[in-house]
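Okay, so here's the structure we're looking at.
Counting convention: from 1, in listed order, for ligands and their atoms alike.
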Amino acid sequence: MKHSSTFINGKCFFIFLCGILFLTKLSFSIGELEVACRDVERKALDKFKRGLADPSGRLSSWVGDDCCRWEGVSCNNRTGHVVELNLRSPSSNSLDGDGTAQTLSGKIDPSLIVLKDLNYLDLSKIDFGGSQIPSFIGSLQSLRYLNLSGASFGGTIPPSLGNLSRLVYLDLNKVDQFELTKSSLYWLSGLSSLKYLHLRGWDLSMSATDWLQTVNRLPTLLELHLPFCQLSNLPLTLPSLNFTSLMVLDLSNNGFNSTIPNWLFNLKSLVHLDLNSNNLYGPLPDKIAYLGSLQKLDLSLNTIEGQLSKNLGKLCNLRSLELSQNRITGEITNVLDSLS
Ligand SMILES: *[C@@H]1O[C@H](CO)[C@@H](O)[C@H](O)[C@H]1NC(C)=O
Ligand SMILES: *[C@@H]1O[C@H](CO)[C@@H](O)[C@H](O)[C@H]1NC(C)=O
Ligand SMILES: *[C@@H]1O[C@H](CO)[C@@H](O)[C@H](O)[C@H]1NC(C)=O
Ligand SMILES: *[C@@H]1O[C@H](CO)[C@@H](O)[C@H](O)[C@H]1NC(C)=O
Ligand SMILES: *[C@@H]1O[C@H](CO)[C@@H](O)[C@H](O)[C@H]1NC(C)=O
């Protein structure tokens, strides 16, 4: 009796297993059939394309029904939804002559808002002519990667970006001279997954007094680039330091005019630290020895005074050290002797 019920159970289990295998195979073939692009998303991309001037034909593959085959567009191979839009310019090759032929320019059509599954958007180096970053980008809720580096935007950073709670990379590196109005940073606290933040060149003076507290609410941050942001205020104390995983910190060219704050030396994972051109004064604290992972340290163009801390010699991973244009006195060679 016992024996036969085990047998029946075994048989049922076998049939059950076959059923699962069959259904899995069936759904795979349905998936493969469905992989073509969604009509509504193709129309949106087409409208977006029409908003751009494309003198060198970079979007010439954007024809036909299956937008998943268009260059720079990737779809989820089971749902057919567009998940990536990567229009990063191929690196300009000086042999090609004037390089400008590669550049797309124009505006971002709001039709992109239908791309609900878009998780990767790279429009870096497209020339948007000093216009405002459209605030509808904050509605692309699936975004994990947003790169508008060198994309010639002006105005302010739209606070709606703070709705992108899944964002891991945010690169708004501004290299042009288009006119800016003051931006604030309060919206950042919505980006709780952020690992990489680059806001070079934006005028963040509206957050001069609270930028550090805001950044301190991003415990997963690994890279923070805020050079040329007119932050002007570097708080000397911070009740508790949250972003201790930070590996890269660039706060250069912000005109802090203060001493080097103590909390900085608790960022023990730092590999790159750049504080150049900030009018930082006072001696280099002995606590510099805490930053044992540092490979690159730039303190040039400040007013750092006196003898160099001997502890600089304990930074045994250091490969690049910039101290020029300070008021350092005394011998430097004996401090640096131990740095192979
Ligand atoms: C679907 O995409 C996944 C992840 O990108 C990949 O590993 C897989 O091979 C793809 N399947 C097909 C049938 O293309
Ligand atoms: C953004 O794009 C630029 C090239 O246009 C690239 O240099 C940069 O590394 C990208 N940023 C990130 C976070 O990948
Ligand atoms: C997005 O952010 C803006 C400004 O912060 C806010 O007014 C709006 O309600 C947010 N939308 C969603 C869908 O969260
Ligand atoms: C540290 O980060 C957590 C998570 O974002 C936050 O709840 C907490 O308030 C932060 N602490 C400080 C001092 O900002
Ligand atoms: C820097 O701060 C000192 C006082 O702490 C002040 O006298 C000086 O004017 C400031 N310099 C700049 C450029 O703001």
Side-chain angles (χ1 to χ4, degrees), residues 52 56 58 71-72 74 83-94 96 99-105 108 118-128 133 137 140 143-153 157 161 164 166-176 178 188 191 193-202 205 208-209 215 218 220-237 245-261 271-272 274-283 296 301-305 325-327:
L52 296 173
S56 57
R58 285 188 52 212
E71 201 176 324
S74 307
V83 290
E84 280 192 28
L85 182 52
N86 182 357
L87 297 183
R88 183 184 297 192
S89 306
S91 52
S92 56
N93 187 340
S94 50
D96 295 347
T100 50
Q102 296 287 347
T103 311
L104 295 164
S105 63
I108 304 185
L118 195 68
N119 62 54
Y120 190 104
L121 180 58
D122 188 338
L123 303 178
S124 62
K125 294 190 186 160
I126 297 182
D127 180 2
F128 292 110
I133 297 176
I137 288 185
L140 297 170
L143 279 187
R144 295 168 53 80
Y145 180 98
L146 176 58
N147 193 342
L148 303 178
S149 168
S152 306
F153 284 108
I157 304 174
L161 295 188
L164 298 173
R166 298 190 188 153
L167 211 57
V168 181
Y169 297 87
L170 177 57
D171 191 342
L172 302 183
N173 180 9
K174 192 169 153 54
V175 291
D176 57 73
F178 283 107
L188 259 189
L191 307 185
S193 311
L194 210 59
K195 290 187 177 161
Y196 180 102
L197 179 63
H198 201 325
L199 300 179
R200 177 193 202 270
W202 291 89
S205 55
T209 55
V215 167
L218 304 174
T220 53
L221 212 54
L222 299 179
E223 292 202 24
L224 178 62
H225 302 261
L226 298 176
F228 296 96
C229 287
Q230 310 197 34
L231 295 173
S232 73
N233 175 37
L234 184 62
L236 291 180
T237 57
S245 305
L246 204 67
M247 298 175 75
V248 176
L249 179 59
D250 181 355
L251 295 173
S252 62
N253 294 279
N254 276 296
F256 288 132
N257 193 23
S258 77
T259 56
I260 300 177
V271 176
H272 290 186
D274 191 346
L275 296 171
N276 89 71
S277 309
N278 273 313
N279 196 22
L280 294 170
Y281 55 83
K296 193 174 162 210
L301 292 149
N302 284 294
T303 325
I304 293 166
E305 293 148 320
Q325 313 240 33
N326 278 288
R327 297 203 188 131

(message) Within the 3.5 Å criterion, strictly below it, is a donor on Asp171 or Tyr169 matched to an acceptor on the partner's side chain?
(response) no
(message) Checking the N or O distance criterion of under 3.5 Å, is ligand 2 in contact with Tyr145?
(response) yes
(request) Heavy-atom contacts with Ser124 under 4.0 Å: which atoms of ligand 2 show up? List them by number with element. (result) 2 (O), 4 (C), 5 (O)
Expected list for residues 228-237: side-chain donor-acceptor pairs under 3.5 angstrom, two or more places apart:
from	atom 1	to	atom 2	distance (Å)
Asn233	ND2	Ala208	O	3.3

(request) Under the ring pair (Phe, Tyr, Trp, His ring centres under 6.0 Å) rule, collect the residues that match up with Phe128, sequence neighbours excluded. (result) Phe153
(message) Taking 4.0 Å as the limit for heavy-atom contacts, which would you say applies to His198 with ligand 2: side chain only, backbone only, both, or neither?
(response) neither
(message) What I want to know is whether Asp122 and ligand 2 share at least one N or O pair that is separated by under 3.5 angstrom.
(response) no
(message) Test of understanding: with side chain to side chain donor-acceptor pair (under 3.5 Å), list the residues that count as partners of Ser252, not counting sequence neighbours.
(response) Asp250
(message) I'd like to know if the side chain of Arg166 and the backbone of Asn119 have a donor-acceptor N/O pair within less than 3.5 Å.
(response) no
(message) Do Asn279 and Asn257 pair up side chain to side chain, a donor and an acceptor below 3.5 Å, judged on atom types alone?
(response) yes
(message) Checking the N or O distance criterion of under 3.5 Å, is ligand 2 in contact with Asp171?
(response) yes
(message) Let me confirm one number: the CG-CG distance from Leu251 to Asn276, rounded to the nearest 0.5 Å.
(response) 10.5 Å
(message) In terms of relative ring orientation, are His225 and Tyr196 parallel, tilted or perpendicular, with 30° and 60° separating the classes?
(response) tilted
(request) Could you name the protein residues that come within less than 4.0 Å of ligand 5, counting only heavy atoms, and order them by chain and residue number? (result) Asn257
